[in-house]
Amino acid sequence: MMTKPRRGSALIEFAVGLAILTPVFIGGLQFFEAYVTTKRLQGAVSQGAVAAAALPYDSANETPTHEFKRFAEDAVLGSAIPGLRREHIRVSMRFDGGRPSEVEVRVSGFQVRVPGGAITLDGKPQAFSPYRGHWSASAR
Amino acid sequence: MRRNKSQQRGIVVVAICLCLMMMVAGLGLGVDLNRLMAAQTALRGDAEAVALAAVLELDGTPDGLERARVRAAETWRRHTVGETRSTFTMEFGSSPAGPWFADPLTSDKLSAARITAHSTFSLSLLRSVVSEKTLPVDAVTRAAQTPVERVESGLLPFAIGPEGQLLDGMTTAAQPQATRLTILNGLPFPVKTGDVLAAYPSEPIVERETLQELIRSDKDPVSATYAEYSRNGLGNGRRLVLLPVVDDTRRVTEFAAYLLIPGKTKAAERVGGYLAGSSRRAQASVGAWRTEVIR
């Protein structure tokens with residue numbers, strides 16, 4: 001009676017184990033990275049909204065001027081999130097009672113890598129802050 | 001010996017399964033903890049916005065206190081859509097250090113608000129490990145009107161004299177078109193108490209027309225007094241301007257909010273402290289103020 005050859009079976013088992021665990025581990029890492037990026041984005045847009053809310057606002061309507069937008073964008077970009085560019089940042093002003101009342105900053109078109117591909121953040125994360133700066137009148 | 005070897009068969013599968021289970025459990029724990037932290041951050045952000053919105057309305061009057069409550073509720077409702085389990089309580093105080101009152105007896109000294117927000121967080125993967133299905137999430141934040149020592153923007157290029165009259169002459173040199181823009185945009189340089197403001201020749205026609213333009217850009221261009229302006233509640237604050245008060249040597253002694261009076265040349269009524277971003281006066285009777293979250 002011959003015994004089955006067992007030599008090499010440990011190697012095969014190790015290889016199979018590695019083949020299963022490695023993608024799970026890498027997927028977990030990618031998921032964690034995506035989560036950290038999203039969280040950093042949330043912090044960055046909050047920072048942008050709070051900074052912009054204290055700025056002089058020199059537009060007569062809900063569309064901010066180029067300078068105002070640029071300042072808010074710079075505040076968001078200050079967080080140095082890899083891949084985040086100016087065109088991903090949307091800045092708007094909400095009016096209430098005929099005056100600026102709330103700054104909103106959101107991310108749009110930014111891609112976050114997740115296991116198996118990438119998801120595009122469209123309008124999120126977003127942050128808002130009640131406007132508390134000086135509304136200058138030259139645009140009216 | 002052979003029996004031992006046969007018993008070892010399948011142990012790798014078991015080990016892999018155990019590893020997988022531990023990794024998935026670890027991932028689940030990480031996901032839930034991160035979601036919990038994100039929920040806490042979002043709740044704190046909402047609470048800060050509500051506190052700032054409320055404090056912007058405090059002007060030392062019972063109406064201001066009521067407006068603060070209404071605006072806080074509106075802000076909360078608008079930004080917590082779908083989060084029906086979120087609630088908040090609001091308290092008011094005369095300083096960021098408290099004491100805090102949910103129903104203050106008087107409104108004349110109130111310049112700060114404290115928001116306590118509550119929410120419940122639904123566990124997903126951790127639900128299989130702990131007995132609770134939800135966890136409470138809380139955030140407490142304070143905001144207050146704080147004094148501005150150095151006015152960077154929004155200061156009208158005129159000065160109020162010791163007797164309360166608008167002094168002749170600009171506080172910056174400007175050509176007619178620049179005069180108009182300086183009145184509309186404010187002084188292009190910062191000013192603080194103690195600075196001496198020079199007097200430059202007036203451009204009477206441009207000044208009068210631009211001040212009237214400023215008045216017309218207000219949603220309430222007709223109220224003749226601040227009491228009327230505030231009672232009507234229509235104004236958007238364009239007529240409410242920040243001016244420096246100077247002594248005989250044109251040294252700035254204080255700042256205050258003034259309401260431009262329609263139909264008169266360079267006439268303004270002193271209304272109290274100036275609060276940036278508000279269409280009403282600050283709670284304080286003098287000075288330039290801004291609204292800040294107190295950390």
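Throughout, a chain's letter reflects where its sequence line sits, starting with A, and its residues are numbered from 1. Note that the structure is predicted; figures quoted are calculated from it, not measured.
- Residue T38(A): no heavy atom, backbone or side chain, is found under 4.5 Å from chain B.
- Remark: F32(A) CZ is loosely packed, at most 12 non-hydrogen atoms of other residues, nucleotides or ligands lying under 6.0 Å away.
- Between H134(A) and Y274(B), the closest side-chain pair of non-hydrogen atoms falls below 4.5 Å.
- Contacts of Q126(A) with chain B are absent, with no heavy-atom separation under 4.5 Å from either backbone or side chain.
- No side-chain heavy atom of S46(A) sits less than 4.5 Å from a side-chain heavy atom of E48(B).
- How far CG of L181(B) is from OG of S136(A): 9.5 Å, rounded to the nearest 0.5 Å.
- Residue F25(A) holds its CZ atom at 11.5 Å from SG of C19(B), rounded to the nearest 0.5 Å.
- Heavy atoms only, all atoms of each residue included: A49(B) and P130(A) are closest at O-CG, 3.2 Å.
- Chain A forms the most heavy-atom pairs under 4.5 Å with one residue out of G235(B), A53(B), A38(B), G233(B), and that residue is A53(B).
- Summarising the geometry of G97(A) relative to N236(B), their closest heavy-atom pair is O-CB, 3.6 Å, with the distance given to 0.1 Å.
- Using a 4.5 Å heavy-atom threshold, the side chains of F128(A) and D46(B) count as touching.
- When all heavy atoms of L56(B) and Y131(A) are compared, the closest pair comes out as CD1-O, 3.5 Å.
- Atom CZ of R86(A) has more than 12 heavy atoms from other residues, nucleotides or ligands within 6.0 Å.
- Neither the backbone nor the side chain of T210(B) comes within contact range of chain A, judged by heavy atoms closer than 4.5 Å.
- Distance check: E74(B) CD to E102(A) CD gives 10.5 Å after rounding to the nearest 0.5 Å.
- In this structure a side-chain-to-backbone donor-acceptor pair under 3.5 Å is present from R99(A) to G277(B).
- Of the atoms belonging to F31(A), it is side-chain heavy atoms, and not backbone ones, that fall under 4.5 Å from chain B.
- A distance of 7.5 Å separates OG1 of T41(B) from CD of Q42(A), quoted to the nearest 0.5 Å.
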